[in-house]
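Naming: A, B, ... by sequence-line order, numbering from 1 per chain.
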Amino acid sequence: MNGIIEGQTIFVVAAYVVTWLTLGGYAASLLIRGNKRPPEDS
Amino acid sequence: MADSPPGLVIDDLARRYGRRWAVARISFQVAPGVACQVTGPNGSGKSTLLRCIATALRPHHGAARLDGKDIWAWRRTMRRDIAFLSHDSRLYEDLSAKDNLQSWARLGGYSANVDALIERVGLDPKRDDPVRMFSAGMRRRLALSIALMKQPKLLLLDEPFAALDPQGRALVIDVIREICATNAVVLMATHHPEEAAAACDQHVRLESGRQVVA
Amino acid sequence: MDGLFTLIVSYLRQLARQSVHVYRKDMLVEWRSPSRFLGVLFFAFALIFMVAFASNTTDVMRRQAGGSIWIGLLLASTRSLDQSFAAEMEHGALEGQVLWPVAPPAIFFGKAFANASILFVVGLVLTPFALALFDVTPRGSLLELGAFLFFGSTALAAPGTLLTAITSQARGSSVLLPLLMFPLVVPILMAAAKGTSLVLLPDVMDQSTAWLVALIVFNVIHWPLSALLFGPVVEGGTH
Amino acid sequence: MKSFKWENAVGVFALLLFAVAQYMALFTAPAERHMSEVVRILFVHVPAAWIALVTFTLAFIGATGFLITGRRGLDWFVEASTEVGVVMTTLLITLGSLFAKPTWNVWWVWEPRLTSTATMLLSFVGILVLRSTVRDADRRAVFSAAATILSFVNVPIVYFSVRWWVTVHQIQSSPATVDPDMVFVLRANAFAFLFIAIWMIAKRWRIAKMRGLAETAPPLPPEVTA
């Protein structure tokens, strides 16, 4: 343990959570949009 | 490809907007020196057909050829000789009739006699008035004079009679005969087949984007 | 080889001739409808006033003078670009030019230079007013100040004209133009604002010339690139 | 789904690689001496930056190709890579902020790299808005291709002009004495991001294609028999 300030870990946690949420969220949106048929007109 | 006869050849032309085919399977020929009228109800594709031939739209299928040359492929050079009177007048509101004509002549490098053109369409007394003050019929006349400036090999008229008074309509008939006399092709879309028949020897009818074979 | 050379020269001459005619036509339209130009001018004036009201001290205002002038010119340019294309779209004149035997780059050069001229004139009228309002006495040469106004105007007009050609054919153009244009003109705005400030304030390290060179470089990049892209954009419906 | 799609294989591989790389980044990589645990943010921040640039470069190449060839597939590719690029850049800037706060004690610095990245993001968001505004498919394709080329060329210009402007700022260079273990973890994450981006672009391309075909590809009506 050679950390300078203990509170800094929160930034690491935040960064990884943000990464997972962003990539996961976008991937999920791609899967949902990919399975949706576009509205057929005439 | 079989070699095309001179004049205008429409070869299985089709154009769509989104999913809808505005015109499809259009094929006809117009010989040099002949005027042809295109009729049909509103929305039958007359304007789209004319816009395709005028190179304002690329045909999605088939081709239009003038004297054996594909109009779209040769559009850069063809535009010099194809005149198109569309629904839009191509006018600048704040310029006078003469300024408008002069600007277009300079842009295309046409050595046209602007005063004679204005006189030809009967706008002589109004030549220095801004177009803003013009009525719809006067704008139509001015737009016609812009098209005439090109001394075209192919003249396309989209409802040339619209907004014109009887003298104006007579002028259009006169102009068509004059252009035909130079061995050029005239193609006009119109809702007045009887009036147009005075100058047109050929007739193509469209219904919901398809050619009606007589 | 010689033939190719003659061909290129004759193409460039034709391009130049057509550009001049497009430019003349645009300036004539401006000249015949002065209310449009005056509208843009007073818009820029009003912006300068607002900036002055929003700054708290004279000292801050003085240091911001260069930047304020360019913010005023940038916002005014979106108005004037919008108007210049509105006149073209009103009766399909832009399409008319595409169907006329005119090379699309010539339409671009003529229109962009007309827009640059208008912006330059607005800048010329606006600057003395802004200097008086912000209580600034220029330390550098007036010629250099003029050069910044000129090259800044041309650098804004080139991408502005291309993007307005795009947005005027789309819905909601008044929102789209700033959205597309502002990120693009960041370096131009920065060089112009920074350089103008250096001309207005004591420029101890003589850095203003470097910013002028930068502005000229932006011009050299944006003019040919936008001219090349203009053709496909105005013929967009035809593809 | 009815048929095998190559990108799903890439996707599975990317997911596995990502899981391993993230585990290494979080738990096995040695924390750097001076910045302690915070350095772990770099294992996601730097790959996001690389991949964001890669996707925008791909969009630029696609846009140029589209203007030359007019192939609609390339337009769908521009749409796909632009959107993935915007997601990556948004992530990149957020992560950068999260790294800047504990190390520089600010959320944002007017520094060349940050400024040019923000400009890039704004430009490409503008292009996505433009795409959503233009109805006509042909126009949309040409307009966004032109705007993409202009925006992409602008990014290095912004970078250099801002660098010229802010010469006072220290340049956050990568320390020369980087632990080889860290380099390995960084590379593993970069490749994981790359494969994720490839999967995303492929998926997004299929969506664009599906919409594009639904928009404009009815068969030509049959010949009229007189």
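- Under the 3.5 Å distance criterion, the side-chain polar atoms of D:Trp205 are matched with a main-chain donor or acceptor of D:Gly73.
- Using a 4.5 Å cut-off between heavy atoms, D:Val125 makes no contact with chain C at all.
- Interface remark: C:Phe218 contributes side-chain atoms only to the contact with chain D (heavy atom separation under 4.5 Å).
- The aromatic rings of C:Trp223 and C:Phe109 sit parallel, their planes meeting at an angle under 30°, below the 60° perpendicular limit.
- Heavy-atom pairs under 4.5 Å with chain D were tallied for C:Leu184, C:Val185, C:Leu229; the largest tally goes to C:Leu184.
- With respect to chain D, the highest number of heavy-atom pairs below 4.5 Å among C:Lys194, C:His222, C:Met190 belongs to C:Met190.
- Only the side chain of C:Leu163 comes within less than 4.5 Å of a heavy atom in chain D; its backbone stays farther off.
- Residues C:Glu88 and C:Lys25 are paired through a salt bridge, judged by an N-O separation under 4.0 Å between the basic side chain and the carboxylate.
- Atom CG of C:Leu143 is surrounded by 12 or fewer heavy atoms from other residues, nucleotides or ligands within 6.0 Å.
- Interface check for chain D: of the options C:Ile221, C:Leu180, C:Leu228, the most heavy-atom pairs under 4.5 Å are formed by C:Leu180.
- Counting only distance, with no hydrogens or angles, the side chain of C:Glu235 and the backbone of C:Val98 share no donor-acceptor pair below 3.5 Å.
- A parallel orientation is assigned to the rings of D:Phe99 and D:His45, their planes being inclined by less than 30° (bins at 30° and 60°).
- Classified by interplanar angle (parallel below 30°, tilted 30° to 60°, perpendicular above 60°), the ring pair C:Phe85/C:Phe230 is tilted.
- Only the side chain of C:Leu225 comes within contact range of chain D, with at least one heavy atom under 4.5 Å from a heavy atom of that chain.
- Of the two parts of C:Ile188, neither the backbone nor the side chain holds a non-hydrogen atom closer than 4.5 Å to a non-hydrogen atom of chain D.
- Interface residue D:Arg135: only side-chain heavy atoms are found under 4.5 Å from chain C.
- Looking at C:Leu176, the atoms closer than 4.5 Å to chain D (heavy atoms on both sides) all sit in the side chain, from C-beta outward.
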